[in-house]
Structures are given as C-alpha cells and as structure tokens.
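Written out below as structure tokens is the structure these notes cover.
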Amino acid sequence: MKLRLLSVHAHPDDESSKGAATLARYAAEGVDVLVATCTGGERGDILNPAVDTAENRANLPAIRRREMAAAAEILGVRHRFLGLTDSGLPAEGEPLPDGCFAALPLAEAAAPLVALIREFRPHVLITYDETGGYPHPDHIRTHEVTKEAFSAAADPTRYPGTGAPWQPQKLYYQATLSRAWFLALHEATLAAGLESPMTEVLAELPPEDPVPVTTRIRCEAHFATRDKALLSHTTQVDPAHPFFAHSREIERQAWPYEDYHRAHPAPGPDLEDDLFAGVTP
C-alpha cells in the first residue's frame, strides 16, 4: 500500500514557504502527497510590486488558484481547495468578516477537512502549531481544524455523511523558518566572509521558538524546487525579498533539512529523520 501524506495550509503559497522541500522529497520517493488549502486567499494583498495592477487586484482569486496549480505541479504533489473563505488580516480591534474561515463554528470549519481525511486516508498529517506560525486568524484556525479533524475523522459518530472513518497515525506541526534556522544561516554566512541578510530578522524574532524540534527531514536536494514553487506564487512573492538573498550552497551545508514537531504520538527522546517512522501502511 502506498504511503500517504496530507499537508494542511491556510492560503495558497503557504505550502511553498513552509515545508515545501519535504513535500517534494517524499513525492519524488513515491509517497502520495496531497496539499489541502483551507481558503482561496481571496482577501490577500499583492506583495510583489511588479504585478500590483488594478487588473490583477480585481482578478486575484482566480490568479491565486492558477499560482497554486503551478506550485503543486512543480512540487509533484496533488492539491485540493477546501472551499472556505479567506478571513483577511483585520486590524487590531476590527471584527472578522461574516462567514469567513476564522469566524465559523469549529465543527463547520472542520467538516471539509474531516471529509478529505476520510476520502484520502493519509497516514501522516502536517499543519501549524497553536500559534499558527504567525498570528493570522486563518493560520490559527487551520491548526484548530486540523487538530479537530485528526481525532474526529476516526469516530463514526462524528461528522456523519462525510465518509468512512479513518485515523491518521501521526500529526506534525511545522517548525521551519525557526530562530535556530536563521541563526545557523547567519553564522555560516559570516564564517564564509559574507554579509548576512539575517541580522535584522534575528533582532525581531522572539528568543525561543514556539515548539521544540522532534523531527528533521533531509531535503537539501529539493531546495531549488522549493524556491521555484514559491516564486510561482507571483502575486505573493517578491523575488527581491530577503528570503532569496542568502546563499543556497551555504544553506545546504549549514541546515540541509526542514524541521517538525511531532504532536501525536508523543515524541521520544531521539530526533526522528522520517515522518513515516513507525507507520504501518
């Protein structure tokens, strides 16, 4: 039986900025990899000045779907939109838009993911930790619905009419783009006699990462694929962004993996090097 991996994200482009090299590696090794995107990114901004036009702003939902399709093809994965509505990023004190993903009752927001888990029957799930990786309401809600769906999908009394029960065996949280990652690249860049683009980022990051790393996946052979997939989200990614400034060769030497926290089952004392370690197909 083929191993199956489901990676759950809030918006198109999140799959390419968080754990994309891992997805590309497992897909290349024959794992059936599916990315689920909760919303269509309808309320997102255009972050690349080169394509920030009135026409693109008017057609952003359709453009983001095309960008997502291109990224999935580059990564070699399958993809599914869950059909929920982007919440945007309200200013402090502003209410969430009516009917948006983050404002729905948990059971309503989680139902599409429960149905997908029962259909796809993944062995392993990946999503964000309880902070969402950053405080966007859709990222926090993605954590909440994935945690809910992970347990509810196996219970035949819950979410009736969404397929036969299925229990994924493992649940992971993203731990990529951590302070430790930025620091390792910063120090390696300086050691190579180069100016580090990480100095300002390190000054802004919290002193500790939100979750401990339990699992490290070697995937340096797929960093170029990760970058290509990320750049395919043309409206969301400016090629001049500092993320693209560091040496990829230094990155491959200093930090040749992507990091995760195993949320279920509880991690052991040793670092894992395979998301499917201990999985029974």
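Values reported hereafter were calculated over all heavy atoms of this structure, with side chains retained and with hydrogens, waters and symmetry mates removed.
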E42 side-chain N/O to P61 backbone N/O, donor-acceptor pair under 3.5 Å: no

Sidechain-backbone polar pair: W166 side chain, A153 backbone, donor-acceptor under 3.5 Å: no

If we only count heavy atoms from C-beta on, is the [X] to [Y] side-chain gap below 4.5 Å?
X	Y	answer
P137	L96	yes
L82	T37	no
V124	P168	no
R43	C100	yes
V8	T142	yes
L6	L113	yes
T235	R64	yes
S7	Q174	yes

Hydrophobic cluster of Y257, others only, ordered by chain and residue number, side-chain cut-off 4.5 Å: L177, W181, F182, L183, L185, M198, V201, L202, L205, L230, L231, V237, F243, F244, W255

Residue pair [X] / [Y]: nearest heavy atoms and the distance that separates them:
X	Y	result
A10	H139	CB-CD2, 3.7 Å
A109	P112	O-CD, 3.5 Å
P135	L89	O-CD1, 4.2 Å
A154	Q167	CB-OE1, 3.1 Å
L23	L5	CD2-CD2, 3.9 Å
G99	L104	O-CD2, 4.0 Å

Derivation and outcome, side chain to side chain donor-acceptor pair (under 3.5 Å), residues S232 and E67: CA-CA 6 Å; S232 73; E67 291 172 347; over 6 Å; no

E94: side-chain contact (heavy atoms from CB on, under 4.5 Å) partners, not counting sequence neighbours: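 With sequence neighbours excluded, E94 shows a side-chain contact (heavy atoms from CB on, under 4.5 Å) to P90, A91, given in chain and number order.
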
Distance from [X] atom [atom1] to [Y] atom [atom2], nearest 0.5 Å?
X	Y	atom1	atom2	answer
T127	K18	OG1	NZ	10.5 Å
Q169	R4	CD	CZ	10.0 Å
H186	L190	NE2	CG	4.5 Å
T53	N59	OG1	CG	8.5 Å
T215	D270	OG1	CG	11.0 Å
C38	L84	SG	CG	6.0 Å

I'd like to know if [X] and [Y] make a salt bridge, using a cut-off of under 4.0 Å between side-chain N and carboxylate O.
X	Y	answer
D52	R57	yes
R80	E119	yes
K2	D32	no

H11/H136 aromatic ring centres below 6.0 Å: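 Centroid distance H11-H136: below 6.0 Å, so yes.
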
All side-chain hydrogen bond (donor to acceptor under 3.5 Å, both in side chains) counterparts of R121, not counting sequence neighbours: none

side-chain hydrogen bond (donor to acceptor under 3.5 Å, both in side chains) involving R65 - partner list, sequence neighbours excluded: none

D259/R216 under salt bridge (Lys or Arg N to Asp or Glu O under 4.0 Å): CA gap, chis, key distance, verdict: CA-CA 5 Å; D259 294 344; R216 283 192 165 143; 3.1 Å; yes

Any residue meeting salt bridge (charged side-chain N to carboxylate O under 4.0 Å, His left out) with [X], in chain and number order, not counting sequence neighbours:
X	result
R218	E220
D45	none
E249	R252
E272	K170, R262

Residue E29 excluded, over 12 heavy atoms near CD under 6.0 Å: yes

Working for side chain to side chain donor-acceptor pair (under 3.5 Å), residues H261 and D129: CA-CA 8 Å; H261 172 78; D129 66 77; over 6 Å; no

Ring geometry between F150 and H264 (parallel below 30°, tilted from 30 to 60°, perpendicular above 60°):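 Geometry flag for F150 against H264: perpendicular rings.
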
Ring pair (Phe, Tyr, Trp, His ring centres under 6.0 Å) contacts touching residues 62-83 (sequence neighbours left out):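 As it turns out, the ring pair (Phe, Tyr, Trp, His ring centres under 6.0 Å) pairs with a partner in residues 62-83, which skip direct neighbours, are H79-F81.
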
Ring pair (Phe, Tyr, Trp, His ring centres under 6.0 Å) contacts touching residues 193-239 (sequence neighbours left out): none

With sequence neighbours excluded, residues passing ring-ring contact (aromatic ring centres under 6.0 Å, His included) with Y260: none

Non-neighbouring partners of Y26 that pass ring-ring contact (aromatic ring centres under 6.0 Å, His included), sequence neighbours left out: F276

Working for salt bridge (Lys or Arg N to Asp or Glu O under 4.0 Å), residues E148 and R158: CA-CA 11 Å; E148 162 76 2; R158 302 183 67 189; 2.4 Å; yes

Of E144, H143, R141, H9, the residue whose pairing with Y128 passes side chain to side chain donor-acceptor pair (under 3.5 Å): H9

Full working for salt bridge (Lys or Arg N to Asp or Glu O under 4.0 Å) between E251 and R226: CA-CA 13 Å; E251 182 184 11; R226 170 202 67 190; 2.9 Å; yes

Distance-only donor-acceptor check, side chains E258 and T22, under 3.5 Å: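 A pair is found: one side chain offers a donor N or O, the other an acceptor, under 3.5 Å apart.
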
